[in-house]
Amino acid sequence: MPLSSIPSNIRILQIPLNFLKQNSLIFTQIKMFTSSTSLASISPAHFTPPSQQTLLVTHLETCKSMDHLKQIHSQTIKTGLFTNPSVQNKLIAFCCTHENGNMDYACQVFDKIPQPTVFAWNTMIKGYSRIDLHRNGVLMYLDMLNSDVKPDHYTFPFLLKGFSRDVALKFGKELHCHVVKFGFGSNVFVQNALINVYSLCGEIDVAQGIFDMSCKEDAVTWNAMFSGYNRMKRYEDTRKLFGEMELKGLLSTSVTFVLVLSACAKLKDLDVGKRVHRYVKECNIEPNLILENALIDMYAACGEMDVALEIFGMMKNRDVISWTGIVSGFLNRGQVDLAREFFDDMPIKDYVSWTAMIDGYLRVNRFKEALTLFREMQTSNIRPDEFTMVSILSACAHLGALELGEWIKTYIDKYKVKNDTFVGNALIDMYCKCGNVEKARSIFREILRKDKFTWTAMIVGLAINGHGQEALDMFSEMLRASITPDEVTYVGVLCACTHTGMVDEGRKYFSGMTSQHSIEPNVTHYGCMVDLLGRAGRLKEALEVIKNMPMKPNSIVWGALLGACRVHKDAEMAEMAVKQILELDPDNGAVYVLLCNIYAACNRLDNLREVRQLMLDRGIKKTPGCSLIEMNGVVHEFVAGDQSHPETGEIYLKLEKMTSDLKFVGYLPDTSEVFLDIGEEEKESAVYRHSEKLAMAFGLINSEPGATIRIVKNLRMCVDCHRVAKLVSKVYDREVIVRDKTRFHHFRDGSCSCKDYW
DNA sequence: GGAAGGCGTA
C-alpha cells in the first residue's frame, strides 16, 4: 500500500511510550524482547509468542476510542496485516458500530479494501443505519450489487432497520422485491424488518400479509405488528392480536407488554391492562424504566392514580416520562392544581411536560394561566413544538389575544416549527375568534391538505363574524371537494343562517343534515333552529320546535328562546322559558338577569322587583361582566366599575371625555336594560361603567390613532355599549371589534356587522 | 469465522 493512501492524521512511526504502557500487551512484548533475558534462554517449549495478528485483534477488541483505533490501524499498515480481511472487518466494525465510532473514517478504511466481503458491506450498511443516514445505506447496498457481491440474510435487516417514513416510502417496496429475488422472504429477521417498513408507510395490510405468512413463533414478529397497529392508532387490533398471542401461549417480551399497555392506555381498557400487569409480575421480568412508564401511563389514562403513584413511588429510577405520566394522569381527572405540584417538583422538564401542563390549564378554561406558563417555558429556554403551538393558539383564541397569536405565527415561520394541518386549523380558529377574518382566509388558502376540521373552522369562523353568505358558499365548496361534514360543521352552517336571518335556508340545511349526510340533529342543532326562528321573531314556531324535538330540551335550547324573547320583548313567553331553565339549572344567574332585562325593557317594574328579591333570597349572583383587551402582548381585564387597573385615573378621564364627545353627536344613554331599582341618573352611571366601555377607553389611550380596538366580553353586549361602540367607530375613526358570548360585532363608520340583530 | 431484528410519553 503506498504511503500516500494512508490517512494523513495517522502518525505511523511515532507511537508514544505512554500509549504503549497503557496498552500492556504490546508493551509486555516489547519488554520481553528488550529485557536482559537473552532470547536463547526462553525455551519455545515453554512460551510461544502470540502472533502479531492475535495481538492486534486482541487490541481491536478492547479498543475504546477513535484515537486508539487509529494507532492500531497504523500498526496494521506498518506490519502488513491490513491485507488480512478479518483485520479489515474488525477495523470497520469498530468505526461503524462502536458508540465512539466514526463513519467517515470507516469509509476511508473501506475504500482501501480491494474486494470487500459481504460482511464488510453489511457492516458499512449497519453503520449508516445506526446514525440514521439510511439513504447512504441504500447507496452502499446498490454499490455492493454493482460490485457483484450478493446480499445475505444479514443485509436486509441492517438496511431496513429504523427507516424513516420518507425513506420507507421511497425504497421499501423495491427492497422487498430484492428480498424475494435473493430468496430471503421467509427469513424471520427479514420479515420482522419488512413488517416494520410497511407499517411505517401506512400499508398496515401489507404488513399484516407478511405477518400472516410468517411462522408466528417469534415474539418480535408479533411486537412489530403491535407497533404497526399502534402507529396507525388501531389500538383495538393490537388488543385483539394480543388475545391471539395469549391463546397461542407464546412467551411475551417486555416490549410486548409495553406495546399492549400503550394500546390499553389509549383504549382506557383497565381489564386487559391489569392482566398485562399480572403477566409482568408472573414472568419475573426485571423492572425496567420503559415498562414501568408504560404501566404508569396505562393506570393514569384509566384514572387509577393510586396504582400509578404506587408504581411511581417504587421505581428505582424515574425519568421525565415517568413524571409526565403522573402529571398527565392528574390533568385527565381535572386535578390541575395537584398536577401542577408534581410538575413543579419535576427534576427535569422537557417540551412534552410543559405542553401537557399548558394543555391541562386549557382543558379547564384557565387560559391566562396557560399563557403565563408558556412564558415561563420560554424563559426556561425549552423550544415549543407544534403541539405547544396548537395549545397556545387555542388559548389566544379564547382570550382574543391577537397580538400573541400573531407572535406565535411568526415564531412558527421563523423557527420552522412543523406547520401541519393541526397548526393551520388552530391558526384559522385563532384568527377568526380574534375577529381577523382576512388573515384566517389567507391561512385557509395556504393549507395544502385541508381536512374536515379546516373547513369547519373556517365556516364557523365566518358565521360568527357575520359573513353568513360566505360561510354557506364555503360549505358548498367543501361538499364539492368531497369532504364530508360532521355535526360541528352543521352547527356552523346553522349559525351562519341565524346571524344573517336566513330562516328558509336554515330550515333547508337542517333537513339536509339527515337526508343528505345521515347526521341526526343533536340538541345543539335544535338550539340553533330555535335561535334562528326566535331571532327572526317567529317565537311560536321556535316553541313548536322545542315541543317536537325528539330529546329533552336542555337549558341552552330554552336559553335561545329566552334570548329571542328579549329581542322581541315577549315577557309572557320569557317567563315560561325561565321556569323551564330554572328547573334544569337552578343556579343559572344569567337567566334571572335576562328576565330582569326583559321586565325592565317592557316596563314591568313590579315583576322586576319580585325577581330581584328572589335573587337576593336565593343568593343568586349576577355573573360579573368582564372585558378583555390585549395591549402589547398583555391581556388586560376589566370588570364593571373596575378601579384596580394601574391606569385607572386616566381611563376614567378618557371615559368622561369620550362620553361628552359622543353626546355632542347625539348620544343618549340607553338604560332600558338596567334592572337595578335606582334612579335614572344612577342607571346612567351604571351603564357608564360597563366593562367594555372601560376597555374601549383603555384601548383609545394606549393604541395608535386608527388602530383597531379588539375586545372580548364574557356576556352579551348591552344595548347601550353597542350604541357607544358604533359612535366610537365613527367619531374617532376606529374599527372596534367586540366578541361577546356568542358572536362578533365589527363596528365601522357608525354601524355594526350584526346589523343590530343579536 | 465474524454480526442481527422490536418499544414508551402530550
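On a predicted model such as this, the values are computed, not experimentally measured, just so you know. Just so we're on the same page: letters track the sequence lines, and every chain starts at 1.
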Q: Under 4.0 Å, heavy atoms only, any strand: does A:Asn122 hit a base, just the sugar-phosphate, or nothing?
A: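 Since a base atom lies under 4.0 Å of A:Asn122, the category is base.
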Q: In this structure, are over 12 heavy atoms from other groups packed under 6.0 Å from A:Lys240 atom NZ?
A: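 No, not enclosed.
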Q: Under 4.0 Å between a side-chain N/O of A:Lys161 and OP1 or OP2 of B:dG6, yes or no?
A: yes
Q: I want to check one thing: is the phosphate of B:dA3, taken as OP1 and OP2, less than 4.0 Å away from some side-chain N or O of A:Lys126?
A: no
Q: Is the distance from OP1 or OP2 of B:dA3 to the nearest side-chain N or O of A:Lys90 less than 4.0 Å?
A: no
Q: Would you indicate which nucleotide in B:dA10, B:dG8, B:dA4 comes nearest to any side-chain atom of A:His153?
A: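 Of all the options, the side chain of A:His153 is nearest to B:dA4.
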Q: Would you indicate which nucleotide in B:dC7, B:dA3, B:dA10 comes nearest to any side-chain atom of A:Phe387?
A: B:dA10
Q: Determine whether any donor atom in the side chain of A:Thr253 lies under 3.5 Å from an acceptor atom in the base of B:dG6, or the reverse, and answer yes or no.
A: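 By the distance-only test, yes, there is a pair.
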Q: Find out whether A:Phe110 and A:Met140 are in side-chain contact, i.e. whether some heavy atom of one side chain is under 4.5 Å from a heavy atom of the other.
A: yes
Q: Shortest non-hydrogen contact from A:Met357 to A:Val336?
A: CE-O, 3.7 Å
Q: According to a strict under-4.0 Å criterion, is A:Ser227 in side-chain N/O contact with OP1 or OP2 of B:dG6?
A: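 Negative; the distance criterion is not met.
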Q: Answer with base, sugar-phosphate or nothing: what part of the nucleic acid does A:Asp385 contact at a heavy-atom distance below 4.0 Å?
A: base
Q: Does B:dA10 have OP1 or OP2 sitting under 4.0 Å from an N or O in the side chain of A:Thr388?
A: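 The answer is no; no side-chain N or O of A:Thr388 sits under 4.0 Å from OP1 or OP2.
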Q: Would you say the side chain of A:Ile131 lies within less than 4.5 Å of the side chain of A:Met103, judging by non-hydrogen atoms?
A: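 Side-chain contact under 4.5 Å: yes.
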Q: The test is side-chain hydrogen bond (donor to acceptor under 3.5 Å, both in side chains); show your working for A:Ser65 and A:Asn100 and say whether it passes.
A: CA-CA 6 Å; A:Ser65 70; A:Asn100 299 323; over 6 Å; no
Q: Is any side-chain N or O of A:Ser86 under 3.5 Å from a base N or O of B:dG1, one able to act as donor and the other as acceptor?
A: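 For A:Ser86, whose side chain was compared with the base of B:dG1, there is a donor-acceptor pair (under 3.5 Å).
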Q: Do the charged groups of A:Lys433 and A:Asp429 touch, with an N to O distance under 4.0 Å?
A: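 The answer is yes: the pair qualifies as a salt bridge.
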Q: When you measure from every atom of DNA chain B, which of residues 192-213 of chain A have a heavy atom less than 4.0 Å away?
A: A:Asn192
